[in-house]
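Computed from heavy atoms alone, side chains included, the values below leave out hydrogens, waters and symmetry copies.
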Amino acid sequence: MSRIIVKKIEGDRMLDSQPTPMTEAMYYVLLALNQPLHGYAVMDVVKQVSNDRVLMGPGTLYGIIKRLQKDRLIVLEELDGRRKVYQLSELGREALLKEYHRLQQMVEDGKLMFGEGKSSER
């Protein structure tokens with residue numbers, strides 16, 4: 001399970017808190033919320049971006065959304081009737097980028113182990 005540092009706002013300053021795990025589902029929800037979306041649209045984007053590999057129901061999605069809001073990684077953009085539209089916050093964008101780079105590094109490490117990396121190209 002991945003770990004990210006979430007910064008919490010206290011008054012006017014930001015504080016580093018304990019590392020918080022980012023699951024695969026959380027990562028894909030953050031990817032989807034790079035644009036304003038309501039819940040069911042998030043599920044569709046996650047399914048599409050993951051090539052049907054990550055499927056989530058409403059209960060899972062709204063649990064993730066609640067956590068991401070609490071951690072200030074996403075914000076409620078607007079209420080569209082009964083639908084709530086969410087979007088990535090600046091803090092969420094930073095966390096997503098850190099996770100993306102961490103995952104990239106893991107792939108590079110795997111390439112080295114399987115003889116596909118830079119050190120094996122000599």
To the nearest 0.5 Å, what is the distance between CD (Gln69) and CG (Asp71)? 10.5 Å
Given side chains that start at C-beta, do those of Val29 and Val42 come closer than 4.5 Å, heavy atoms only? yes
Working to the nearest 0.5 angstrom, can you tell me the gap between Leu61 CG and Tyr40 OH? 9.0 Å
What's the spacing between Glu99 CD and Gln104 CD if we round to 0.5 Å? 11.5 Å
Answer whether the closest heavy-atom distance between the side chains of Glu94 and Leu97 falls below 4.5 Å. no
With side-chain contact (heavy atoms from CB on, under 4.5 Å) as the criterion, how do Tyr86 and Leu76 come out once you've worked through the C-alpha distance, each side chain's angles and the decisive distance to 0.1 Å? CA-CA 5 Å; Tyr86 300 94; Leu76 180 61; 3.9 Å; yes
Are Met26 and Val75 joined in one hydrophobic group, where the rule is that I, L, V, M, F, W and Y side chains link up if heavy atoms are under 4.5 Å apart? no
Just checking Tyr62: does its OH atom have more than 12 heavy atoms from other residues, nucleotides or ligands closer to it than 6.0 angstrom? yes
Enumerate donor-acceptor pairs with a distance under 3.5 Å from any side-chain N or O in residues 44-57 to protein atoms, sequence neighbours excluded.
| from | atom 1 | to | atom 2 | distance (Å) |
| --- | --- | --- | --- | --- |
| Ser50 | OG | Val46 | O | 2.8 |
| Ser50 | OG | Lys47 | O | 3.4 |
| Ser50 | OG | Arg53 | N | 3.4 |
| Ser50 | OG | Val54 | N | 2.9 |
| Arg53 | NH1 | Glu24 | OE2 | 2.5 |
| Arg53 | NH2 | Glu24 | OE2 | 3.1 |
| Arg53 | NH2 | Tyr28 | OH | 2.9 |

Glu78 meets the side-chain contact (heavy atoms from CB on, under 4.5 Å) criterion, sequence neighbours left out, with Asp80, Val85
State, with a plain yes or no, whether a side-chain heavy atom of Tyr100 is found less than 4.5 Å away from one of Leu96. no
Do Asn34 and Arg93 have side chains that get closer than 4.5 Å, going by heavy atoms? yes
Heavy atoms, side chains only, cut-off 4.5 Å: are Gln87 and Leu37 in contact? no
Can you tell me how far the CE atom of Met43 sits from the NE2 atom of His38, to the nearest 0.5 Å? 9.5 Å
To the nearest 0.5 Å, how far apart are CG in Leu73 and CG in Leu88? 8.0 Å
Are the side chains of Arg102 and Gln105 in contact, using a 4.5 Å heavy-atom criterion? no
Taking atom CD1 of Ile74 and atom CD1 of Ile65, what is their separation to the nearest 0.5 Å? 5.5 Å
